[in-house]
Colleague: 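Below you'll find the structure I mean.
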Amino acid sequence: MELVHRDGLARIGKFKTKHGVIETPTVLPVINPNKITITPEEMKSLGAQGIITNSYIIRRTDALREKALKDGVHSLVSFDGPIMTDSGTFQSYVYGDMEYDNRGIVDFQRKIGSDIITILDIFSKPDDTYGMARDAVDETYSRMREIEVGDGEIIAGPVQGSVYQDLREKAARLMSSSDAGYLPVGGVVPLLESYQYDKLVDIVLTARMNSDFSKPIHLFGGGHPMFLAISVLLGVDFFDSASYVKYARDGRMLYPDGTRDLVKLRTLPRWSPIYGKYTVKELLDAESEERTAALSRHNLAAIFMEINEIKERIFQNNLWQYAESRARSHPYLYRAFRRILERNGDLVGFEPLYRKASFHYYDSYSNSHPTLKRLSEFTERFLTENRKETVILPFGSRNPGKRDYGIIRDIYEKYDMNLLVPWCNTYVPIELEDTYPIEQIISSDITDERLHRNELLKVEKIIGKGWVFEKKEMKDHSDITEKSRNFNLEKIRAVADLQFGHSVGKALFPDGCRIITSRATGRLRNILLNDQILATMRAQDGFFTLTVAGAERIRDAVEYPGLRVSVTDDSAEYNSKGFNVFFKFITEYDRGIVASNETIVVDSKDNVVAVGRASVSGREIGDYRSGVAVKTHHSIKSIKDPSEE
Ligand code: GUN
């Protein structure tokens with residue numbers, strides 16, 4: 001799997017098969033080789049890049065088997081793109097019989113030329129006992145192990161484990177460590193059918209977090225458009241869908257936000273490929289086969305329209321907002337979304353440092369967004385390390401980001417105390433006023449009194465109740481001429497602490513460094529020490545871009561391998577000229593690297609050769625084998641000044 005774009009756990013990737021490259025996320029429509037309603041070629045024109053069919057059905061049916069063995073599965077279904085074949089596990093779960101064994105089934109899929117071959121896994125139901133589910137995980141793993149995977153062959157090793165998180169984790173780890181190159185999450189159809197999306201959140205997230213990130217995750221049976229955005233947000237790359245035709249047979253139509261009955265419809269939507277070809281009445285009066293085909297077309301179009309939008313949102317860096325809006329289309333989806341919020345602690349590790357899209361704040365639930373969770377953890381630590389008089393500025397007295405360098409700055413410099421700004425029902429240190437997401441926010445300004453009070457109590461608990469002042473009358477300070485500190489210096493140190501870790505700020509920016517502000521905007525711009533630029537504060541997100549000189553100061557202050565990737569010496573030579581760092585040349589790295597944050601590139605002796613931006617988090621770096629890990633922007637042999645970026 002090669003990464004193209006990433007937004008948290010969601011990603012656009014490229015997955016290579018023998019019959020072509022698939023760009024994910026995508027849905028593989030299910031083809032029943034006995035009854036092809038829509039040809040795969042037509043599916044392609046509706047957006048499908050590959051299809052999935054069932055090797056068990058092909059093998060059981062004499063005519064299909066003979067043709068598939070003779071001409072191959074691609075010829076059987078008349079499709080020259082990537083074909084995944086399933087093994088019959090699901091049929092054995094539904095009908096209870098299975099006359100073939102694992103090796104035989106895999107071998108058959110090989111003989112018919114399948115691009116993605118599925119082993120015969122053991123389907124665990126959500127209501128299976130723990131013991132049953134555990135045995136199924138173990139047995140599925142040993143079936144994976146008994147398959148010898150050939151060069152270039154892709155074997156799907158399903159992750160089972162029912163609703164037991166520790167078993168899902170175990171299954172994900174075992175399958176990742178095996179030769180399976182593709183990881184479907186199995187046993188979830190009963191949950192999808194009963195709308196238990198919240199349980200799916202746990203299952204998918206646990207599977208994704210504990211799997212090898214270079215291997216795609218597939219959600220077996222999860223092709224309904226309404227659940228796609230949430231699933232992709234949690235890291236699903238592939239889906240399959242038989243629903244497009246099953247629903248069509250029942251006169252049901254898929255929409256991005258749910259399902260509608262043809263009989264209850266007034267008009268067809270304009271985006272549908274059957275709009276203008278039929279009226280609702282004509283469809284109702286049509287022969288059932290014609291109606292099924294038309295509705296199947298519509299349903300596939302709905303699926304791929306949603307996939308298209310999801311990909312666009314990944315690219316725009318605002319899939320979260322999209323999933324949040326989708327979550328409002330059904331109470332069960334909303335329940336799932338709330339479950340995602342509860343698991344924000346797991347998501348923080350994959351959260352990028354900043355996004356190019358502004359942050360949408362709706363109400364107190366937005367405070368659980370992983371970005372705000374990270375910020376609130378920072379604030380807690382900031383206060384713990386600065387336990388002194390703390391003044392909470394009146395709401396609106398100073399909008400973070402608004403440059404009223406007047407009385408407040410004056411007070412800040414004369415009195416050594418914390419100034420906190422009320423922001424989104426919580427409090428943030430004033431030093432972070434320009435930094436993402438504090439300034440880059442679009443807020444409803446909806447106040448939640450309870451949350452606000454709780455946040456205040458949290459501050460009081462850290463600082464000590466008598467030391468926190470709300471709406472404090474500022475003493476007359478005009479007689480004080482001594483400044484105890486410099487606002488800009490404290491500000492750049494606080495931002496550096498947030499960006500690089502606590503106490504890095506002081507090491508990176510010592511007393512005596514020079515801060516240059518933009519003449520046009522008054523914003524902080526370059527930070528210099530002895531006429532050398534250490535870092536540049538970016539106008540758009542308020543974080544720093546480092547130079548090699550800045551990176552060296554961090555390297556000296558942070559224990560190896562903190563904030564860095566160590567590369568082979570050949571790669572170091574190449575990166576020192578300004579070329580990007582590829583995953584495959586990284587020898588050691590910090591597991592705490594934050595995606596899109598500045599990352600220091602060092603050689604085997606910890607010499608800084610370059611600095612750049614991490615394309616993924618430290619949790620993922622070790623898994624990828626192809627693609628760019630760090631996009632370098634400054635290096636020891638480059639001549640370009642990074643402040644000119
Ligand atoms: N189709 C739907 N669910 C499953 C599953 O758990 N395993 C396999 N192999 N196919 C499926």
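From a predicted model like this one, the values you see are computed outputs, not experimental measurements. Read the numbers this way: they start at 1 and go in the same order the structure lists the ligands and their atoms.
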Colleague: For residues Tyr56 and Phe90, establish whether the separation of their ring centroids is below 6.0 Å.
Modeller: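 No.
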Colleague: Return the set of residues passing ring-ring contact (aromatic ring centres under 6.0 Å, His included) with Tyr130 (not counting sequence neighbours), or none when no residue passes.
Modeller: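 Expected list: Tyr164.
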Colleague: I need the full list of salt bridge (Lys or Arg N to Asp or Glu O under 4.0 Å) pairs touching residues 20-38, with sequence neighbours left out, sorted by first then second residue.
Modeller: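 Every salt bridge (Lys or Arg N to Asp or Glu O under 4.0 Å) pair that includes a residue of residues 20-38, provided the two are not neighbours, is Lys14-Glu23, Glu23-Lys311.
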Colleague: Which residue pairs pass the side-chain hydrogen bond (donor to acceptor under 3.5 Å, both in side chains) test when at least one of the two sits in residues 176-193, sequence neighbours left out?
Modeller: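 For residues 176-193, and leaving out neighbouring residues, the side-chain hydrogen bond (donor to acceptor under 3.5 Å, both in side chains) pairs sorted by first residue read Tyr182-His218.
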Colleague: Measuring centre to centre across the rings, with the benzene-like ring taken for any Trp, is His330 within less than 6.0 Å of Tyr195?
Modeller: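 Judged by ring-centre distance (under 6.0 Å), His330 and Tyr195 do meet the cut-off.
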Colleague: Could you pull out every protein residue that has a heavy atom closer than 4.0 Å to ligand 1, ordered by chain and then number?
Modeller: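 For ligand 1, the residues that come within the 4.0 Å heavy-atom cutoff are Asp86, Ser87, Thr89, Phe90, Thr118, Asp121, Phe123, Gln160, Gly186, Gly187, Val189, Phe220.
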Colleague: Applying the side chain to side chain contact (heavy atoms under 4.5 Å, CB included) criterion to Met175, which one of Thr140, Asn210, Asp121, Asp212 satisfies it?
Modeller: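 Of all the options given, the one that passes is Thr140.
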